[in-house]
Amino acid sequence: MTFFECPSNTCWYNVVQFTNRCRIIQKAVQRIDQQEVCKLVSEFHDKVLLFIHDPNGNHVIQRCIQVMSAFPATTTSTPVENDDDGCNDA
């Protein structure tokens, strides 16, 4: 199991619902590289609604959006498919 994998469906929610833990996740999102952010965000994929209804979880989602919006946009003339980590690999 890596940093990005939780053994249960509620694991990430249990992490982000506490102020200190959500701050750690936010700092990690700011400091890890683009591919790692994509992996982490893909772990949150089916939990976004749960997160945004929690004040601390909402902060984590906002930080992810902020960080990912700063990533360079890729332009390509061919369609880009998502791979298993949920990120576009151009």
Side-chain angles (χ1 to χ4, degrees):
M1 185 168 70
T2 68
F3 172 77
F4 304 112
E5 299 169 345
C6 274
S8 71
N9 197 27
T10 60
C11 181
W12 280 113
Y13 181 67
N14 292 335
V15 171
V16 301
Q17 71 180 350
F18 297 101
T19 303
N20 291 336
R21 294 176 186 172
C22 94
R23 289 182 181 151
I24 291 168
I25 299 298
Q26 290 178 65
K27 291 291 184 186
V29 167
Q30 289 178 292
R31 288 172 171 72
I32 58 180
D33 66 31
Q34 182 174 352
Q35 181 125 4
E36 291 173 331
V37 171
C38 289
K39 287 179 186 177
L40 184 60
V41 168
S42 70
E43 286 289 318
F44 299 160
H45 176 72
D46 61 340
K47 300 162 194 70
V48 172
L49 288 178
L50 184 64
F51 282 20
I52 63 173
H53 290 291
D54 177 84
N56 296 313
N58 190 23
H59 287 296
V60 170
I61 297 300
Q62 288 179 25
R63 181 68 65 201
C64 290
I65 292 169
Q66 178 187 32
V67 168
M68 291 184 78
S69 67
F71 292 159
T74 58
T75 57
T76 180
S77 59
T78 59
V80 177
E81 294 185 18
N82 287 341
D83 60 12
D84 61 348
D85 68 2
C87 296
N88 290 333
D89 296 328

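No hydrogens, no waters, no symmetry mates; every other heavy atom, side chains included, goes into these values.
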Shared hydrophobic cluster, Phe44 / Phe71 (ILVMFWY, side-chain heavy atoms < 4.5 Å): yes
Can you give me every donor-acceptor pair (side chain of residues 52-70, partner residue at least two apart or in another chain, under 3.5 Å) with its distance?
unit_1: Asp54; atom_1: OD2; unit_2: Asn56; atom_2: N; d: 3.0
unit_1: Asp54; atom_1: OD2; unit_2: Gly57; atom_2: N; d: 2.8
unit_1: Asn56; atom_1: ND2; unit_2: Gln17; atom_2: O; d: 2.8
unit_1: Arg63; atom_1: NH1; unit_2: Gln66; atom_2: OE1; d: 2.4
unit_1: Arg63; atom_1: NH2; unit_2: Gln26; atom_2: OE1; d: 3.4
unit_1: Ser69; atom_1: OG; unit_2: Ile65; atom_2: O; d: 3.2
unit_1: Ser69; atom_1: OG; unit_2: Gln66; atom_2: O; d: 2.8

Euclidean distance, Asp46 CG relative to Phe51 CZ, rounded to 0.5 Å: 9.0 Å
